[in-house]
Peer 1: 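I'd like to ask you about the structure that follows.
The chains referred to below are lettered A, B, ... by the order of the sequence lines, with proteins before strands, and numbering in each begins at 1. None of the values given here were measured: they were computed from a predicted structure.
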Amino acid sequence: MSKPKTLFDKIWDAHVVKQKDGYPDVLFIDRHFIHEVTSPQAFDGLRKRNIPVFNTKRTTATADHNVPTKDQHLPIREALSRHQVETLRKNCAEFGIELYDLGHPFQGIVHIIGPELGLTLPGMTIVCGDSHTSTHGAFGNIAFGIGTSEVEQVLATQCVLQYKPKTMRIEVNGKLGKGVVAKDIILYIISKISASGATGYFVEYAGSAIENLSMEARMTICNMSIEMGARGGLIAPDSTTFNYIRGRKFAPQAEAFEQHVEQWMELKTDAGAVYDKVLTYDAADIAPMITYGTNPGMGIRVTDRIPTENELKEISEKNSFSKSLEYMGLEPGSQLLGKTVDYVFIGSCTNARIEDLRLVASIVKGKKKSPHVEVWVVPGSKQVEEQARKEGLDKIFEAAGFELRGPGCSACLGMNEDKIPAGKYCISTSNRNFEGRQGPKSRTFLASPLSAAAAAITGKVTDVRELL
Amino acid sequence: MNNPRTTNNDEPITIRMSKEKFLTLQSTAVPLAVENIDTDQIIPARFLKATTREGFGENLFRDWRYDGDGKPKVDFVLNNPTFTGKILVAGKNFGCGSSREHAAWALYDYGFRVVISSFFADIFKNNALNNALLPVQVSDAFLKNIFTAIEKYPSAIIEVSLENQFVKLPDGTKESFEINPYKKACMINGYDDIDYLLSLQEEIKEFDFKSREPQATSY
C-alpha cells in the first residue's frame, strides 16, 4: 500500500507537471481569478513577450477592489480608479477573458463570486493575485494568493513555480457557545498562534466544530488563514460542500455532478498521514472575539482586558505592542467592552455572504442603530445583494438606519471611496486591522457580523450574548 | 553553484536575462526595528492604482514617512539623513498581509536591493525574489547585532554576498543565510521564471488536456 497522504499532498501531487532537482515544482492551476489591481502589469508582460493567454477558459475576471459602492451605474469618479477598471476591461477584451464588470449580475468580490458561481470546486488548484484567495480552500482545494509576476506566469502558462509548503492540521472539537460564530473561531486561533504562526505552512482545518459549519462559515475560516501567515487553508469536502455546489451555474450538472461527487468523496486525508504540525482546540473555550491592536493576532475575548506589556509572551514584541496601542489610542490592561465606536463596517471577502447578512439582520430586526454610529452594509456580490432584497433584509437594515450599498471590497482596504476617517474607531467584519488599512489613521476592531451588529445598536463594543 | 541550465540530465533550458543581476552588495543600511511590518505600511492600498510597475518608491512607507499634509515626519528613519543605503534592516515577519507585489516594486524603486529580517512572510519573499530584491533571513540574535552596529555607526558598511550566502558586519562577524538554488541562480543571472515555464509548454498543454477528462479530479 502506498504511504498515507494528507488531503493537501494528494491535491498538490496531482497537479505537479514537472519536478526537478533544485527547482520549484511546476504546479498546474485549474482556476485563475483576476481583478483590476494586480493584473495590469501582468497583461503588459504578455504584450511585451507577444504571447497569448494559455487557456482563456481557466481565468475569470471581476472588478472589486477599486469600485465605488454607491452609484455603481455612473462612471467611476476618481480618474485613476476609473483608468484601472477600464484597463481591466480592455485587457479582458483583448485577451479573450470573461469579465464580470460593474453592472453585471455576477459582479462582486472575487472570492465571493467564485464559490457562488460554482467556479470553485473540490480538488482544484486555484490562484488569484490576492492573499485572501485562501477563502476557496473551504471547498477542499488548494487555493492561495500570488503576486503579479506569478499572475503573468499563470496567464502565460497556466502554471506557477512553487515550493511545496509544510502541512499543519488545526482541529477544533466540540460545540460552539451562544453567540460564537466562524469569525470568532478564526480570530481565536490567530490570537493563539500569532500573525506569523503558520508562515511556511498550508493548514487543514478539521474537527467536529469545523465539520458542523456551513459553507459560508467555512469560507470565513479559510479566508483568514493568511492572517496567521499560512499560504492557504482547506477543509475536506463533505455533504455540506456537495449540497452547496449542486446546481450552481458553472458546476458540473446532473449526471456529471454525481460522477464528480464520487471523485470528491475521496478527497480526504488518509488515516495515519503525517502533518508537520498539529494543533487542537476546544470549541467551548472560544467566546466572541475582538482585536485591539494592529495585526490580526492581537485579539482577545470581548470580555477580556487588553494585555499589559508584562503579560506578553515574547519580549521582542514589546516594541511593536506599545506602538500599536499608541496608534489605536488604547491603554494596556484596559477593557474594550463599552468603548464607543464611530463606524460599523459589515462586508469584505471574510463576511459579506448572505449568511453573514442574515446574522446581522437577526440582531437588528426591529431595532435602530445608535444615533452617533454610521453603519455600512456592503454585500459581497450582486447575487448576495439580490438575495438580501428577496429575503427582505434590506427593509430590516433600512429600518435600523443602516446603509445597504452595492458590492465591492469597500472599506476593507482603504483604496476606493469608502474610507474610515482619521482617528475614528470602526468595528469591522473584514480581515485586517493594520495601521491605516481602512483609511489613513483609521482604527479597526475586527469582529464577527454578530458582534458588529450588536455594536451598531449600542454604539459601543458589546458582548453580543447580552442581546441574544 | 547549482545552475538550472545544467542540473539533471534534462535538456538545457534557454532563459532570457530580463532582470538586474545580483552577486554581492556592500552598502550602508537603514534600520527599521519594527516587527510585523505589513505590506499596507510598505505601500498603502490607495497608491495601488497605477497600471505600470514604476514610480511606487515615492509612496514607500507613505503614512510613516509623511503626515496628513504630505510633510516628511522627522522621526521616521527614511527622513533621517544619517541613515541611507541599499539595505533595509527590519524586524521579524516583514511583508505580512496583502499579496501586493507593489510592496516589492516600491522598495526596489526607492533604491533598496536587500531586505534583512529574522523572518519573512511567504508571498512577499516570492515577490521580492521575482523583482531582484533579495530577502535575507538571519537569526534573531544576528539581526540584533546588525541593528546595534548600524545604530552605533550609521556609516557601517554591511556586505551581503549572494554568491557565498553570507552577511558580514564591519567587525568581521558574519552569518550565512539560506536561499533556494534555483532562485539564487535566477537572481545572480537575471533569469525570469516565465522563460523557464514557457520552455515547458508542450508538457503543460498535455497536462491541461488530460485534466479536463471526466475522471480527473480537476478540470
Peer 1: Report, in residue-number order, which members of residues 98-109 of chain B are under 4.5 Å from chain A by heavy-atom distance.
Peer 2: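 So far as heavy atoms go, S98(B), S99(B), R100(B), E101(B), H102(B), W105(B) are the residues that approach chain A to under 4.5 Å.
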Peer 1: Among N180(B), D140(B), I37(B), single out the residue with the greatest number of heavy-atom pairs under 4.5 Å to chain A.
Peer 2: N180(B)
Peer 1: Under 6.0 Å from the ring centre and within 45 degrees of the ring axis: does the NZ or CZ of K323(A) meet both conditions for the six-membered ring of W64(B)?
Peer 2: yes
Peer 1: If you measure from the Lys or Arg side-chain nitrogens to the Asp or Glu carboxylate oxygens, is any gap between R49(A) and D192(B) under 4.0 Å?
Peer 2: yes
Peer 1: If I measure from the heavy atoms of chain A, does F47(B) come under 4.5 Å with its side chain, its backbone, both, or neither?
Peer 2: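 No part of F47(B) comes within 4.5 Å of chain A.
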Peer 1: Please round to the nearest 0.5 Å and tell me the distance separating atom OG1 of T133(A) and atom CD1 of I123(B).
Peer 2: 7.5 Å
Peer 1: Does the side-chain contact (heavy atoms from CB on, under 4.5 Å) test come out yes or no for K20(A) and Y196(B), once each step is laid out?
Peer 2: CA-CA 12 Å; K20(A) 196 166 147 174; Y196(B) 169 51; 4.2 Å; yes
Peer 1: Quick one: pull up NZ in K18(A) and CD1 in I204(B) and give me the separation to the nearest 0.5 Å.
Peer 2: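 Those atoms lie 10.0 Å apart.
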Peer 1: Closest heavy-atom contact between G22(A) and Y182(B)?
Peer 2: O-CB, 3.0 Å
Peer 1: D193(B) versus chain A, heavy atoms under 4.5 Å apart: side chain, backbone, both or neither?
Peer 2: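 Both backbone and side chain.
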Peer 1: Kindly indicate, with the supporting measurements, whether the criterion side-chain contact (heavy atoms from CB on, under 4.5 Å) is fulfilled by L161(A) and L197(B).
Peer 2: CA-CA 8 Å; L161(A) 288 177; L197(B) 285 172; 3.9 Å; yes
Peer 1: Report, in residue-number order, which members of residues 37-45 of chain A are under 4.5 Å from chain B by heavy-atom distance.
Peer 2: V37(A), T38(A), P40(A), Q41(A), D44(A)
Peer 1: NZ of K164(A): more than 12 outside heavy atoms within 6.0 angstrom?
Peer 2: yes
Peer 1: Kindly compute the distance separating OG (S194(A)) from CD (E35(B)), expressed to the nearest 0.5 Å.
Peer 2: 10.0 Å
Peer 1: Are any non-hydrogen side-chain atoms of T157(A) and L198(B) less than 4.5 angstrom apart?
Peer 2: yes
Peer 1: Against chain B, label R432(A) side chain, backbone, both or neither, depending on which of its atoms sit under 4.5 Å from a heavy atom there.
Peer 2: side chain
